[in-house]
Amino acid sequence: HTTDSFLFDKKRGYCVHFASSFVTMARMSGIPARVVTGYKSDKEESLNNYLAVKEKDAHAWAELYINKHWVRFESTATASNIDFQIQTLAAAAQQKKEVSPFWKKVNLYLMYTKYQVETWILYYSHVRQLQLLNYAKKNPLFVLGFVLSFLFLVLLTWLAIRHLKRPRYSSKALAILQRLLKHLEKEGYTREEHESIHQFLLRYQTEHPQDIVVKEIDVLYEQILYAGDESSASVKKLKQLVRRANRYIKVKRIS
């Protein structure tokens, strides 16, 4: 019998052995008793109304029927002969999985967020809808915060999409020149497929020799690209020249 083996032979075990033996002796004494299995989790794993229950939290205890009530008894509270092998293996497994308190907290918040999302999405009902509406009526700041959060999320999504869709260029100088190239394209000057930036700007200068700004841009672009002069001063100057050239092209178009 497992209880006899635990009490008289091995005299070592874990929560199930202690609980079952305690219940057996209580019944022998004429007290109704039962074994209860469940989980005994750590309060540090709780956040608001959420409690993280893990496999290692599995536990067994006893309940005795006293004065017409089931009373809980923790049969391992004063146990001194917890199975050494099981305890050692559990401690080794726990030590292997041990992480810093900071990451434990982060993991707890992530699990709590997942729980909240799943609760609202999977179990959203008419009752929850009414609860949310009543709460919103009583708390206008909640509505304001919700609207602002939604707008912020939309803005963040838009910025992310814009950033991801933004074309990638081989150099900063080429990226800066794109605004000038677009303005020239409106004027009917399109860069050919196998035409370099220098050749394209030179072609424009041939037809517009009075536009000395484009010539300066061409020289500075070549300097940045091939002389490796990517200093902040050169990049800033190129931006200024591109703005001047765009203004000149715009004024010329209007006139």
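Residues: numbered from 1 along the sequence shown. Computed over heavy atoms, backbone and side chain alike; hydrogens, waters and symmetry mates excluded. Bear in mind the structure is a predicted one, so any value in this text is a computation, not a measurement.
Minimum interatomic distance between A52 and S41 (heavy atoms only, all atoms of both residues): O-CB, 3.9 Å. The nearest pair of heavy atoms linking T3 to S20 is OG1-OG, 4.5 Å. Nearest approach of Y112 to Q116, heavy atoms of both residues: OH-NE2, 2.7 Å. The two residues S46 and L108 come nearest to each other via the heavy atoms O-CD2, 3.7 Å. In terms of heavy atoms, A62 sits closest to F22 at CB-CD2, 3.7 Å. For E63 against R72, the heavy-atom pair with the smallest separation is CG-CA, 4.0 Å.
Note that the NE2 atom of H59 and the CG atom of D57 stand 10.5 Å from one another [nearest 0.5 Å]. A distance of 12.5 Å separates CG in L201 from NZ in K215, rounded to the nearest 0.5 Å. One distance of note links CG of L181 with NE2 of H183; it measures 11.0 Å at 0.5 Å rounding. Rounding to the nearest 0.5 Å places CD1 of I31 at 11.0 Å from CE of M25. Here the straight-line distance linking atom NZ of K236 with atom CG of L241 works out to 12.5 Å at 0.5 Å rounding. Rounded to the nearest 0.5 Å, atoms CD1 (I197) and CG (L180) are 9.0 Å apart.
Using a 4.5 Å cut-off on side-chain heavy atoms (C-beta onward), Y50 and T113 make no contact. Side-chain contact between I224 and Y221 is absent, with no heavy atoms from C-beta onward closer than 4.5 Å. Side-chain contact between N107 and Y109 is absent, with no heavy atoms from C-beta onward closer than 4.5 Å.
The salt bridge (Lys or Arg N to Asp or Glu O under 4.0 Å) test with E45 is passed by exactly one of K104, K40, K105, K54: K54.
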Let me see the working for K239 and R243 under side chain to side chain contact (heavy atoms under 4.5 Å, CB included), right down to the final yes or no. CA-CA 6 Å; K239 289 180 179 179; R243 282 196 291 267; 4.1 Å; yes
Does the side-chain hydrogen bond (donor to acceptor under 3.5 Å, both in side chains) test come out yes or no for E185 and Y189, once each step is laid out? CA-CA 5 Å; E185 190 175 355; Y189 293 92; over 6 Å; no
Test log, rule side chain to side chain contact (heavy atoms under 4.5 Å, CB included), inputs T190 and L184: CA-CA 7 Å; T190 305; L184 292 176; over 6 Å; no
Can Y115 and N48 be said to form a side chain to side chain contact (heavy atoms under 4.5 Å, CB included), step by step? CA-CA 12 Å; Y115 158 75; N48 296 335; over 6 Å; no
Can you check side chain to side chain contact (heavy atoms under 4.5 Å, CB included) on V214 and H208, steps first, answer last? CA-CA 9 Å; V214 172; H208 299 82; over 6 Å; no
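Both L47 and M111 sit in one connected hydrophobic cluster of ILVMFWY residues. Membership requires side-chain heavy atoms under 4.5 Å apart, directly or through other members.
E74 and T76 are linked by a side-chain donor-acceptor pair at a separation below 3.5 angstrom, with hydrogens and angles left out of the test. Q131 and Y135 share no side-chain donor-acceptor pair at under 3.5 Å.
Using modelled atom types, one side-chain atom of H69 and one backbone atom of N67 make a donor-acceptor pair closer than 3.5 Å. Put simply, the side chain of R27 gets close to the backbone of A33: a donor and an acceptor are under 3.5 Å apart.
Remark: L132 CG is packed, more than 12 non-hydrogen atoms of other residues, nucleotides or ligands lying under 6.0 Å away. In this structure, R203 places its CZ atom where more than 12 heavy-atom neighbours from other residues, nucleotides or ligands lie under 6.0 Å away.
Here salt bridge (charged side-chain N to carboxylate O under 4.0 Å, His left out) pairs that include residues 106-119, with residues two or more places apart or in two chains, are K114-E118.
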Donor-acceptor contacts under 3.5 Å from residues 147-159 side chains, at least two apart:
unit_1, atom_1, unit_2, atom_2, d
S149, OG, G145, O, 2.7
T157, OG1, L153, O, 2.7

